[in-house]
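Written below as structure tokens is the structure these notes are about.
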Amino acid sequence: QVQVVESGGGLVQAGGSLRLSCAASGRILRINTMGWYRQAPGKQRELVADITLVADITRIGTTNYADSVKGRFTISRENAKNTVSLEMNSLNPEDTAVYYCKVVATTTSLVNLEVWGQGTLVIVSS
């Protein structure tokens with residue numbers, strides 16, 4: 001009912017930048033939260049950043065970042081297009097991971113779903 005597709009991963013040198021994008025589609029009535037998670041080899045998946053729609057009237061989203069990316073990464077969403085982006089600056093090798101987009105949405109059938117994308121690989125070389 002809901003599909004999530006990421007794009008924008010790749011290889012970058014330390015200190016460089018990348019922008020990840022995620023698009024949700026399907027029978028979406030409302031997207032509640034969109035976020036990015038990452039999983040490095042041998043480690044658990046962890047939250048990188050997410051953004052939540054606080055209220056339908058104001059359409060203001062609150063953001064939440066992992067301490068390790070604060071000041072370097074910026075998450076933003078375009079509500080009308082059901083997309084979320086992650087601008088990543090000052091990348092370092094510790095940022096190397098598969099990055100996943102997660103969408104929490106309510107469908108037109110009033111079902112609440114949590115849907116993950118397939119992941120996009122980010123490699124930061126030293």
Side-chain angles (χ1 to χ4, degrees):
Q1 293 185 344
V2 176
Q3 297 80 40
V4 175
V5 178
E6 306 111 329
S7 61
L11 174 64
V12 64
Q13 288 187 332
S17 300
L18 276 177
R19 183 180 179 88
L20 305 182
S21 296
C22 169
S25 62
R27 298 183 176 184
I28 298 171
L29 174 65
R30 179 182 64 248
I31 290 182
N32 303 303
T33 304
M34 301 184 82
W36 289 95
Y37 290 70
R38 66 186 181 187
Q39 187 166 18
K43 295 187 177 181
Q44 290 188 330
R45 191 174 298 189
E46 62 176 1
L47 172 70
V48 176
D50 64 18
I51 184 165
T52 300
L53 187 66
V54 176
D56 289 335
I57 296 176
T58 63
R59 302 186 73 79
I60 295 173
T62 59
T63 57
N64 181 38
Y65 292 92
D67 288 341
S68 61
V69 306
K70 285 181 180 177
R72 300 189 298 124
F73 292 10
T74 302
I75 189 170
S76 60
R77 63 183 280 183
E78 189 167 352
N79 293 328
K81 296 183 178 180
N82 291 335
T83 60
V84 66
S85 296
L86 184 69
E87 185 73 32
M88 305 186 293
N89 298 314
S90 301
L91 286 162
N92 58 63
E94 289 70 39
D95 296 315
T96 295
V98 177
Y99 285 70
Y100 298 90
C101 178
K102 187 182 83 170
V103 173
V104 179
T106 302
T107 69
T108 53
S109 302
L110 301 182
V111 174
N112 293 322
L113 294 178
E114 181 180 286
V115 183
W116 291 86
Q118 79 286 353
T120 186
L121 178 61
V122 172
I123 300 174
V124 184
S125 62
S126 57

Write down the atom of [X], the atom of [Y], and the distance for their closest heavy-atom approach.
X	Y	value
Leu20	Met88	CG-CE, 3.7 Å
Gly9	Thr120	N-OG1, 3.2 Å
Ala49	Leu86	CB-CD1, 4.3 Å

Can you get from [X] to [Y] by hopping between Ile, Leu, Val, Met, Phe, Trp and Tyr side chains that sit under 4.5 Å apart?
X	Y	answer
Val111	Ile31	yes
Val98	Val48	no
Val115	Ile51	yes
Val4	Val104	no
Val12	Phe73	yes

>> Does atom CD (Gln118) have a neighbourhood of more than 12 heavy atoms from anything else shown, all under 6.0 Å?
In response: yes
> Got a sec: does the CZ of Arg27 have more than 12 other heavy atoms crowding it under 6.0 Å?
Replying inline: no
Would you compute the distance between atom [atom1] of [X] and atom [atom2] of [Y] and round it to the nearest 0.5 angstrom?
X	Y	atom1	atom2	answer
Thr63	Asp50	OG1	CG	8.5 Å
Leu18	Glu87	CG	CD	8.5 Å
Leu113	Thr107	CG	OG1	5.5 Å
Thr74	Tyr65	OG1	OH	4.5 Å
Leu110	Arg30	CG	CZ	8.5 Å
Leu121	Leu11	CG	CG	9.0 Å

>> I'd like to know whether Trp116 forms a ring pair (Phe, Tyr, Trp, His ring centres under 6.0 Å) with Tyr37, so could you lay out the CA-CA distance, the side-chain angles of the two residues, the decisive distance to 0.1 Å, and finally the verdict.
In response: CA-CA 10 Å; Trp116 291 86; Tyr37 290 70; 5.0 Å; yes
>> Could you go through Arg72 and Asp95, starting from their C-alpha distance and side-chain angles, then the distance that decides it, and tell me whether this counts as salt bridge (charged side-chain N to carboxylate O under 4.0 Å, His left out)?
In response: CA-CA 11 Å; Arg72 300 189 298 124; Asp95 296 315; 2.8 Å; yes
Are [X] and [Y] packed together at the side-chain level, in the sense that at least one heavy-atom pair is separated by less than 4.5 angstrom?
X	Y	value
Thr96	Val122	no
Ser68	Glu94	no
Glu114	Lys102	yes
Asn32	Thr52	no

>> Quick check against the 3.5 Å criterion: does Glu6 have a side-chain atom that pairs as donor or acceptor with the backbone of Cys101?
In response: yes
> Does Gln39 use its side chain to pair, donor to acceptor, with the backbone of Lys43 at less than 3.5 Å?
Replying inline: yes
> Are Arg38 and Tyr100 in a cation-pi setup, meaning NZ or CZ lies under 6.0 angstrom from the ring centre and within 45 degrees of the ring axis?
Replying inline: no
> Taking atom types as modelled and ignoring hydrogens, do the side chains of Ser17 and Asn89 form a donor-acceptor contact shorter than 3.5 angstrom?
Replying inline: yes
